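Following: one structure in structure tokens, then a few remarks.
Just the heavy atoms: all of them, side chains too, but no hydrogens, waters or symmetry mates, feed the values below. On a predicted model such as this, the values are computed, not experimentally measured, just so you know. So you know, we letter chains A, B, ... as the sequences are listed, proteins then strands, and number each from 1.
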Protein chains: 2
Amino acid sequence: MDASGKKKRTRGKLSREMIEDAAFEVMEREGLSGFSMRKLAARLGCEAMSIYHHFPSQAHLYEALVDRQMSGLVIPDDSRPWRERARIGMQEFRRVATEHPAFAPFIVVYRMNSPPCLAKLNAIIGLFEDGGFGPELSARLFRAASYYLMGAILDETAGYAKGPSAVTTVSNEELARDYPNVMKAGAYFGPAGFDKTFELGLEMFLDEMERVREAARDEPAKK
Amino acid sequence: MDASGKKKRTRGKLSREMIEDAAFEVMEREGLSGFSMRKLAARLGCEAMSIYHHFPSQAHLYEALVDRQMSGLVIPDDSRPWRERARIGMQEFRRVATEHPAFAPFIVVYRMNSPPCLAKLNAIIGLFEDGGFGPELSARLFRAASYYLMGAILDETAGYAKGPSAVTTVSNEELARDYPNVMKAGAYFGPAGFDKTFELGLEMFLDEMERVREAARDEPAKK
DNA sequence: GCTTGACAACTTACACTGTAAGGTTCATCT
DNA sequence: AGATGAACCTTACAGTGTAAGTTGTCAAGC
């Protein structure tokens, strides 16, 4: 009430959406492991426990973040040819997962089971089934594709381009002398090469899926 | 000295090797995130800070664990045909990384830079170079292969077979009704199917590498 | 046998984490 | 005006890694 009105309790200030936005900001600034409810609260100008009114736990907040990212995934139109749809589906997953790089490693190891995520997973698995592989093969191909995707996302957001996480490091001179293959290959592993490497592996996988389908079609009776 | 000899200070009791062994044990029991220096100490029958005499920090301990796992990786003999060597190299990485399942997710995101790890990486990259792809392509193929490997290792050690990590879960009835593709595909995603899925993707990748090599050989002048 | 010194283990303390439990404030409705 | 309940805050606790300082023990030198 008095002149020291610093402590204006702006009521109704927080909302789930605002908290989620701020969470992404804090994560990008502090890193995934540097994130905390107290830092998030500081960013929001409130106390840590106020967040718990909107999210019952940190895990619930994280899940909301995953849901939000996954909701942005665009399922490719089924008027397109199958190969293009498969390509777009995988590119889309990579795109949404790397939108907030610091959060990406969390998404990769997150075992999704919320309705928004399941809806997207269901659509993408359906996309693989549309390829005509039969139930088992389409399931396994989806899985193998996921493996590649997860590895790629991890590398781009938390990989070697961020420098070593080892505590005992090796100098560039030693690297060139003792581990020349690592040194040579390393030249292609920077962020500038992410797209090219990803697309190479992606097209390889698409090629091979089509070949696998034809092989399965040629000998459908064989066990 | 007296009868209450409970407090015998067994000197020189600890060693790096013993601590590492115990660390793997505690991790498998408590999970990677449940691991702590205090729990490790309890397992060893000492105080947490005693460990710091042998490892200057938790990060140093973790690095030692990574080094130990990677040191067990067998580089395939170069008398074998190339495709077999590439296959064995990737199978070996999967084998050592999943030897301690709880620790595997750490290895996957660990940016190795210690001599023992670099030696193995150097050998494996060399193996890809032996495939005759030229420097850039062999580097990118190694990278793409790593993506697949990392994703597979993550799935097998921390994936859906461990149940959902989501806080809001969907019942089996809802799953069958609303997300039938997820339901159907899920049948193939248990631990019993890990090997089969992995080998499927692995052979696909090997196939495609050989085709990529021939394509690169057929048009070497083209940009 | 006694002292000395170094090493290995322990004790204490600090800053940080998520969050349970309970207290306070304030907009809205009757 | 009084009640209600949502929204936010305060405090406290058990856990974390680890810096700093202390203690116990054993081997070597005299």
Exercise. Whole Å only: how far is the CZ atom of F35(B) from the C1' atom of dG15(D)?
Worked result: 15 Å
Exercise. Taking the nucleotide of DNA chain C with the closest heavy atom to each, which residue, A48(B) or M37(A), is nearer the 5' end?
Worked result: A48(B)
Seminar exercise, completed: note: Y52(B), atom OH; dC10(C), atom C1'; distance rounded to Å ~ 14 Å
Problem set entry | Interatomic distance where CG belongs to L40(A) and C1' belongs to dT19(C) [whole Å] | 14 Å
Exercise. OP1, OP2 of dT17(C) versus side-chain N and O of S36(A): anything below 4.0 Å?
Worked result: yes
Seminar exercise, completed: When rounded to whole Å, the CD to P distance for the pair E47(B) and dT18(D) reads 16 Å
Exercise. Where is the tightest heavy-atom contact between S57(A) and Y52(A), given as atom of each residue plus distance?
Worked result: CA-CE2, 3.9 Å
For this session: Rounded to the nearest angstrom, tell me the gap between atom CG in L61(A) and atom C1' in dT19(C).
Result: 14 Å
Problem set entry | Euclidean distance, atom CD1 of residue I19(B) to atom P of dA8(C) [Å, nearest integer] | 11 Å
Exercise. Between dA7(D) atom P and M18(A) atom CE, what is the distance in whole Å?
Worked result: 13 Å
Exercise. Over how many whole Å does the gap from I51(A) atom CD1 to dT10(D) atom C1' extend?
Worked result: 15 Å
Exercise. Can you find a donor-acceptor N/O pair under 3.5 angstrom joining the side chain of R38(B) to the base of dG15(D)?
Worked result: no
Exercise. Of all the choices, dC10(C), dG17(D), dT19(C), which nucleotide is nearest to the side chain of Q58(B) once you look at every atom?
Worked result: dG17(D)
Exercise. Closer than 4.0 Å, any side-chain N/O of H53(B) to the OP1 or OP2 of dA8(C)?
Worked result: yes
Exercise. So, is H54(A) near the phosphate of dA6(D), with a side-chain N or O under 4.0 Å from OP1 or OP2?
Worked result: no
For this session: Might you work through the ring-ring contact (aromatic ring centres under 6.0 Å, His included) test for F103(A) and F24(A), ending with a clear yes or no?
Result: CA-CA 8 Å; F103(A) 189 57; F24(A) 280 131; 5.7 Å; yes
Exercise. F35(B) vs Y62(B) aromatic rings, parallel, tilted or perpendicular, using cut-offs 30° and 60°?
Worked result: perpendicular
For this session: For R140(B) and E136(B), run salt bridge (Lys or Arg N to Asp or Glu O under 4.0 Å): C-alpha distance rounded to whole Å, both residues' side-chain angles, the deciding distance at 0.1 Å, then the answer.
Result: CA-CA 6 Å; R140(B) 294 200 193 282; E136(B) 174 171 353; 3.0 Å; yes
Exercise. Counting side-chain heavy atoms from C-beta on, which of dT11(C), dG18(C), dT16(D) comes nearest to M49(B)?
Worked result: dT11(C)
For this session: Would you please classify the geometry between the Y148(A) ring and the F198(A) ring as parallel, tilted or perpendicular, with 30° and 60° separating the classes?
Result: parallel
Problem set entry | Nearest to side-chain heavy atoms of S50(B), which nucleotide of dT18(D), dC10(C), dT17(C) | dC10(C)
